[in-house]
Amino acid sequence: MKDLVLAENGKSLAIILVAQDAIAPERTAARELAAYLGKVTGTEFGIVTEGKQKSTPEAGQTLIAVGATHYARDMDINASLLGPEHWFMRRKANVLVLAGGRPRGTLYAVYHFLEDVVGVHWWSAWAEHVPDKPTLTIGPLDRHGEPVFAQRAMAYTAAFSQDPRSAARNRINFHYCWPIPSEYGGESKYGPPNFCHTFCFYLPPTDALFKQHPEWFLMDADGKRKRFDEVQENQLCLSNQAMREVFLAKLKDNINKSRNDPVPPIYFDVSPNDSPRFCQCEACQAVVKAKGGADAGLLLDFLNYLADHIQDEHPEIILGTLAYLNTEAVPRHIKARSNVAIRLCNTRSNYLEPIPANGPFARLLSGWAKIADKVMVWDYHSSFCDMAAPMPLEHTFQPDLQLFLRHNVVSTLNDYRYPMHDELFDFRMWVLVKLHEDPYQDVEPLIETFLNGFYGPAAPHVRDYLHTAEEASRAKPSAFNPGSTMAALRYLDVPFLRQAQALFVQAEAAVKDSPVLVQRVRHARMGVDKATVVLFPKLYREWIEGGNKPDDIPFDREQIAERIKQTYDEQWALRVDAHEPGPSGREIREYQRRDFLDSIATALRRTLVIVARPKKFAELPDDAYFQYAADAFGHTREGTEVVEVEEAESGIANRSVLTDAEIKAMTHPLRLDLHDHTKRATGHEPTIESIKMEDIAGSGYHWYQLGTYAP
């Protein structure tokens, strides 16, 4: 078969044909195809609508039939018989068919053709690659596919927030805060009021409602019904029948109001507020006991009640809820109705390792798969406590997604949410979205394609950094999850950061003549830069204890901090100013900006004092001694600072200036929160309140026993 010529020497030789009854996403597909073929070849491609009768191509004419045309049916591609995202690229003689199921199959066929055959790449919402091919030909072509997960989602501040086209181009079909318009295929979306944590939307915990119906809200362990000022701390009394009936009526109203949407939602969320508090009343606890001793049993009993009462009227609707915090444990004596979906949240796994096949999360996944037909996963890769932590993550993506598939997971949501801050965000997000579509493809070509295309001549050095980081993390194993900070990453030491900085110096030198590529390399470097600044006191101690002179330390933290600020300004201009996310989106980013830059400013103020091990602990083995000196603590009180104090055995102390009234009101001078992600009640582990004010031994510095906690 001869090659099919689409353009020759900058002249178009092909016509794009769409069906007479083409739906909006199919017409979008034709426009996208024409636009990008035009960019690639430097010429225009016309779009015509097919008549009722199939036309015959003129001699030498090339036809690109997009969507449910006569030519698609002649090649046995019938949209009505295909899944909504099944796509085909098929060529016969001088006709190329790009078609698929409705609503998104044809759109995906066009995007696959542009990427896999033509060589267009959408690296992110802010960067794309369009090859220069004035003459464009294609050989024999017969490919088809379908994403393996029915629903594929990314977190709300991720790459697709500003530009819904990016979601469609990367085959993401759900974006829970910014809708994907129907002309771009719509989305496998949730109906009102929200995607998750919806109890407070259905029954807002207002003073008036609580006063009228306190029995609808949770009873705390002290036997009293409670309403909390923080909205998400409030939960409902799920056994209360009157509350159930009101909730059901509101749910039905939300369903009915959304039936006239261009793409009516299938999913409706019914999930607890973002708190592990649950009702302790006798009736609720009786349900918990009857369903197998887990709070999820009470939640599932409530979901099943709602599901039973909408099944006949709305058989297409699926109610979703969260297996999260105290509702992640699998109840033993209840099963989810067929129209109930469980989204299990992976808050416990170590980001740096693939999820163990027989580990805690996999056991939870297996347990839920036995009692629910529809299991979804909310997976995390971001830290909510320390943005831009340098972490080698990409080697975990494929095995984790394959694990989900083995447990028949139908939906994946990846929470890698900070495009300004998460290390190598564009690279990892691009690899992630490709693997969400097909987690069994070869990962290495994906990595090579992105690195070479996005970083150009700097790619070998960025690749070396990735290898160096992975080797370092294996040499000094660490655990990291949503609540971790960079201090948990043991491999962030002088040798690793010194080598990482050197690799990025080489990477930047390789692209010094390209301002765009320099910006990309500096953004990739920002995680290493932040680690160097934030951990500088630790690095300083390590350097001195290694027998080196202080002035010879290979890091200039002020200079690195200045580079971080410059990089941030560059990325802000690209990702925020140039792509206005709207008032609410900009407010989120402004908050993140302040938080991030404040962390750099705080790090620069940290003292450089070598804290020797106290004499009373000198005999302890290294693995039994952990030092939390004054510069290791977070300060919630404004004005608290680390100061050098000769009298303190460590040489440094935290100082707060308090008024007499504040001192009088204070019961404990120090608070330590112990956060253990392996416990069920995440977020409510013990707090060591240290000692009482009246037990302080007087002025000066003293040793106090704070008690024992077994993690």
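The chain is numbered in sequence order, starting from 1. Everything numeric here is computed off the predicted structure, so don't read it as measured data.
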Stepwise side chain to side chain contact (heavy atoms under 4.5 Å, CB included) check, Val494 with Tyr540 = CA-CA 9 Å; Val494 169; Tyr540 182 79; over 6 Å; no
Considering all heavy atoms of both residues, which atom of Leu492 and which atom of Ala531 are nearest to each other, and what is their separation?
-> CD1-CB, 4.1 Å
Any donor-acceptor N/O pair, Gln441 side chain to Asp438 backbone, under 3.5 Å = yes
Under 3.5 Å: donor-acceptor pair, side chain of Thr532, backbone of Val528 | yes
Would you say Val410 and Met376 make side-chain contact, with heavy atoms under 4.5 Å?
-> yes
Lys/Arg cation over aromatic Tyr625: Arg613, 6.0 Å, 45° cone = yes
Phe174: which of Trp378, Phe149, Tyr190 passes ring pair (Phe, Tyr, Trp, His ring centres under 6.0 Å) | Tyr190
Show the numbers, then the answer: is there a salt bridge (charged side-chain N to carboxylate O under 4.0 Å, His left out) between Glu32 and Arg169?
-> CA-CA 10 Å; Glu32 288 275 83; Arg169 289 168 180 171; 3.0 Å; yes
Are Asn481 and Thr347 close enough, and set up right, to give a side chain to side chain contact (heavy atoms under 4.5 Å, CB included), and what steps lead you there?
-> CA-CA 7 Å; Asn481 52 38; Thr347 59; over 6 Å; no
How about Met154 and Tyr416: do any of their side-chain heavy atoms sit closer than 4.5 Å?
-> no
Asn170 side chain vs Val433 backbone, donor-acceptor pair below 3.5 Å | no
Without swapping roles, check the side chain of Gln519 against the backbone of Glu570 for a donor-acceptor pair under 3.5 Å.
-> no
Side-chain touch Pro390/Met486, heavy atoms, less than 4.5 angstrom = yes
Residues Arg417 and Asp415 bridged, charged N to O under 4.0 Å = yes
With the side chain counted from C-beta on, respond yes when Asp379 and Leu413 share a heavy-atom pair under 4.5 Å apart, and no when they do not.
-> no
Would you name the heavy atoms of Ala488 and Phe480 that are closest together and state the gap between them?
-> CB-CD1, 4.4 Å
Heavy-atom donor-acceptor pair, Tyr491 side chain to Ala475 backbone, under 3.5 Å | no
Rounded to the nearest 0.5 Å, how far apart are CZ of Arg525 and OG1 of Thr567?
-> 8.5 Å
Would you say the side-chain atoms of Asp386 and Ser383 include a donor-acceptor pair closer than 3.5 Å?
-> no
Run the salt-bridge test on Glu423 and Lys530 with the 4.0 Å N-O cut-off and return the result as yes or no.
-> no
Distance col, row Leu535:CG vs Phe555:CZ, nearest 0.5 angstrom, shows 10.0 Å
Could you tell me whether His197 and Tyr324 have their ring centroids closer than 6.0 angstrom?
-> yes
OG1 on Thr449 to NZ on Lys434, rounded to 0.5 Å = 9.5 Å
With Arg104 as partner, the option from Glu85, His86, Glu187 fulfilling side chain to side chain donor-acceptor pair (under 3.5 Å) is Glu85
Using a strict 4.0 Å threshold on nitrogen-to-oxygen distance, state whether Lys476 and Asp493 make a salt bridge.
-> yes
Check: Tyr418 ring centre within less than 6.0 Å of Phe425 ring centre = no
Cation-pi, Tyr455 ring and Arg520 (6.0 angstrom, 45 degrees) | no
In terms of the angle between their ring planes, are Tyr380 and Phe384 parallel, tilted or perpendicular, with boundaries placed at 30° and 60°?
-> perpendicular
Looking at Trp122 versus Tyr36, is the centre-to-centre ring distance below 6.0 Å?
-> yes
Considering all heavy atoms of both residues, which atom of Ala561 and which atom of Val533 are nearest to each other, and what is their separation?
-> N-CG2, 4.0 Å
After noting the C-alpha distance and the side-chain angles of Arg348 and Glu328, does the key distance pass the salt bridge (charged side-chain N to carboxylate O under 4.0 Å, His left out) rule?
-> CA-CA 11 Å; Arg348 59 172 64 219; Glu328 72 172 13; 2.2 Å; yes
Mark yes or no for whether Ser514, through its side chain, and Val511, through its backbone, hold a donor-acceptor pair below 3.5 Å.
-> no
Examine His144 together with Trp87 and report whether their ring centres are nearer than 6.0 Å.
-> no
Nearest-0.5 Å distance, CZ of residue Phe536 to CD1 of residue Ile560 = 7.5 Å
Any chance you could measure Met526, atom CE, to Gln571, atom CD, to the nearest 0.5 Å?
-> 7.0 Å
Do Arg490 and Pro477 come within less than 4.5 Å of each other through their side chains, counting heavy atoms only?
-> yes
Is the distance between the ring centroids of Phe397 and His381 less than 6.0 Å?
-> yes
State whether a side-chain donor-acceptor pair under 3.5 Å links Glu437 with His112.
-> yes
Shortest non-hydrogen contact between Leu365 and Val375, atoms and distance = CD1-CG1, 3.9 Å
Check the angle between the aromatic planes of Trp430 and Phe450 and answer parallel, tilted or perpendicular using the 30° and 60° thresholds.
-> tilted
Note: Leu107 and Ala168 closest approach over all heavy atoms is CD2-CB, 4.1 Å
Looking at Val130, Val40, Leu33, which one forms a side-chain contact (heavy atoms from CB on, under 4.5 Å) with Val118?
-> Val40
CA sep, side-chain torsions, deciding dist, call: Thr412, Gln151, side chain to side chain contact (heavy atoms under 4.5 Å, CB included) = CA-CA 6 Å; Thr412 56; Gln151 188 186 68; over 6 Å; no
Check for a donor-acceptor pair, side chain of Arg575 on one end and backbone N or O of Met420 on the other, with a separation under 3.5 Å.
-> no
First locate atom CG of Asp426, then atom OG of Ser124, and finally report the distance between them rounded to the nearest 0.5 Å.
-> 4.5 Å
Centroid separation His461 to Phe504 less than 6.0 Å = no
For Leu352, does its backbone N or O pair with a side-chain atom of His395 as donor and acceptor, under 3.5 Å?
-> yes
Between Tyr568 and His421, ring centroids under 6.0 Å | yes
For the pair Ile447 and Phe427, evaluate side chain to side chain contact (heavy atoms under 4.5 Å, CB included) and give the outcome as yes or no after the intermediate values.
-> CA-CA 8 Å; Ile447 292 174; Phe427 161 61; 4.0 Å; yes
Pairwise side-chain contact, Trp572 with Arg593, heavy-atom cut-off 4.5 Å (strictly under) | yes
Measure the shortest side-chain to side-chain distance between Pro439 and Val148 over non-hydrogen atoms and say whether it is less than 4.5 angstrom.
-> yes
What heavy-atom pair brings Arg522 and Glu508 nearest, and what distance separates the two atoms?
-> NH2-OE2, 2.9 Å
Can you find a pair of side-chain heavy atoms, one from Thr41 and one from Pro134, that are under 4.5 Å apart?
-> no
Checking salt bridge (charged side-chain N to carboxylate O under 4.0 Å, His left out) for the pair Glu128/Lys39: CA distance, chi angles, key distance, verdict?
-> CA-CA 12 Å; Glu128 66 181 20; Lys39 290 182 181 181; 3.3 Å; yes
